[in-house]
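Everything below concerns the one structure shown next.
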Amino acid sequence: MIITKAGRRMFPAMRVKISGLDPHQQYYIAMDIVPVDNKRYRYVYHSSKWMVAGNADSPVPPRVYIHPDSPASGETWMRQVISFDKLKLTNNELDDQGHIILHSMHKYQPRVHVIRKDCGDDLSPIKPVPTGEGVKAFSFPETVFTTVTAYQNQQITRLKIDRNPFAKGFRDSGRNRMGLEALVESYAFWRPSLRTLTFEDIPGIPKQGPTLYGPSQPSCVLSPAMWFPQPWP
């Protein structure tokens, strides 16, 4: 995933579908991005692999992307696919635009947070997400990514430029697409099936009993997108 000083949109953008909320309750939906481990990585060209290059850099200031439709009723959230396509990533630790700050050459995991409105009084783009009752987090292993300032793998460069609607200036409209299509077809995971994560999948959450949001069991589904099943450059 490319990061820049000015801020770069995530591509592919993360999209989720949420169910099981109280239709009449108000909720915030937010996202933060946390390190997968305490390592820094480098790309080894001759073997086309990522390798550990040392310890991670010092932690960056916490940032949270609050979905612009927040707060909204559970009914509103559940009837739409929630997209985080406007979220931007930066490696500028002095950023004042509200972008998510990350280190290059590190692995990260996006997390989607469902926050009941009465528990979101302390919600802020420059503070960690509140914890406790009324706040739930969802994450998907398919969305782990490695940050870079330039793509390390030319195949990924071609795939992203071809599919990214914001990369029109990099495309050659007359290019023979057969090579790219063959490459896409070689990845069976290009269009992954939906994966559902419920609160029962989260360690520490009781598997039985009433939920915070009502009689149904809330769940968050990762919408079909171009997420790869493992980090790619």
Side-chain angles (χ1 to χ4, degrees), residues 1-15 31-61 63 65 84-85 87-95 99-111 139-193 195 222-233:
M1 198 74 70
I2 289 283
I3 58 176
T4 65
K5 292 292 185 182
R8 182 76 166 262
R9 290 182 187 234
M10 292 178 63
F11 183 79
M14 189 162 174
R15 302 189 297 270
M31 178 187 287
D32 65 357
I33 300 177
V34 296
V36 171
D37 52 32
N38 61 350
K39 304 297 182 183
R40 178 182 174 85
Y41 292 82
R42 64 184 178 89
Y43 189 72
V44 182
Y45 290 93
H46 69 270
S47 59
S48 299
K49 293 181 179 180
W50 285 96
M51 303 291 290
V52 174
N55 293 328
D57 295 332
S58 58
V60 296
R63 289 287 175 89
Y65 177 81
F84 295 90
D85 59 325
L87 183 152
K88 290 187 176 182
L89 309 178
T90 182
N91 56 354
N92 179 13
E93 296 188 29
L94 301 178
D95 173 78
H99 304 328
I100 301 292
I101 303 173
L102 304 175
H103 287 306
S104 180
M105 311 303 269
H106 290 59
K107 288 184 180 180
Y108 290 97
Q109 170 76 73
R111 300 187 304 183
S139 61
F140 303 88
E142 297 92 334
T143 61
V144 171
F145 62 84
T146 304
T147 50
V148 295
T149 54
Y151 292 127
Q152 310 296 298
N153 184 318
Q154 291 304 311
Q155 292 180 336
I156 298 302
T157 303
R158 293 177 63 196
L159 286 172
K160 286 208 172 188
I161 287 177
D162 187 76
R163 298 290 174 168
N164 189 345
F166 297 100
K168 294 179 180 179
F170 295 97
R171 295 196 190 96
D172 178 2
S173 59
R175 186 182 68 194
N176 185 335
R177 295 175 52 84
M178 291 305 294
L180 178 61
E181 296 303 329
L183 176 62
V184 170
E185 290 175 3
S186 69
Y187 295 115
F189 48 78
W190 184 252
R191 295 186 181 277
S193 59
R195 181 182 184 278
L222 183 65
S223 180
M226 292 182 294
W227 284 109
F228 307 118
Q230 57 181 330
W232 281 78

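We're numbering straight along the sequence, starting at 1. All values below were derived from every heavy atom in this structure, side-chain atoms included, with hydrogens, water molecules and symmetry-related copies excluded.
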Please report the C-alpha distance between H106 and R40 in whole Å, then the side-chain angles of each, then the deciding distance to 0.1 Å, and finally whether the side-chain contact (heavy atoms from CB on, under 4.5 Å) criterion is met. CA-CA 5 Å; H106 290 59; R40 178 182 174 85; 3.6 Å; yes

Which atom names give the shortest non-hydrogen contact between [X] and [Y], and what distance separates them?
X	Y	result
Q109	T143	NE2-OG1, 2.9 Å
M1	P12	CE-O, 4.4 Å
P110	S139	O-CB, 3.7 Å

Within the 4.5 Å heavy-atom criterion, are [X] and [Y] side-chain neighbours or not?
X	Y	answer
R111	M31	no
F11	K160	yes
T147	H103	no
K39	N55	yes

Donor-acceptor check, side chain of [X] to backbone of [Y], threshold 3.5 angstrom: yes or no?
X	Y	answer
Q154	Q152	no
T157	N153	yes
H99	K5	no
E93	L102	no

Interatomic spacing from [atom1] in [X] to [atom2] in [Y] - rounded to 0.5 Å:
X	Y	atom1	atom2	result
T90	D95	OG1	CG	5.0 Å
D57	M105	CG	CE	11.0 Å
I2	R9	CD1	CZ	16.0 Å
N91	I3	CG	CD1	4.5 Å
L87	D32	CG	CG	10.0 Å
R63	I33	CZ	CD1	12.0 Å

Can the positive tip of K107 be found less than 6.0 Å from the middle of the six-membered ring of Y41, inside 45° of the ring normal? yes

Measure the acute angle between the ring planes of Y108 and F145, then classify it against the limits of 30° and 60° as parallel, tilted or perpendicular. tilted

For Y45 and Y43, take the angle between the two ring planes, folded into 0 to 90°, and tell me which bin it lands in: parallel under 30, tilted 30 to 60, perpendicular over 60. perpendicular

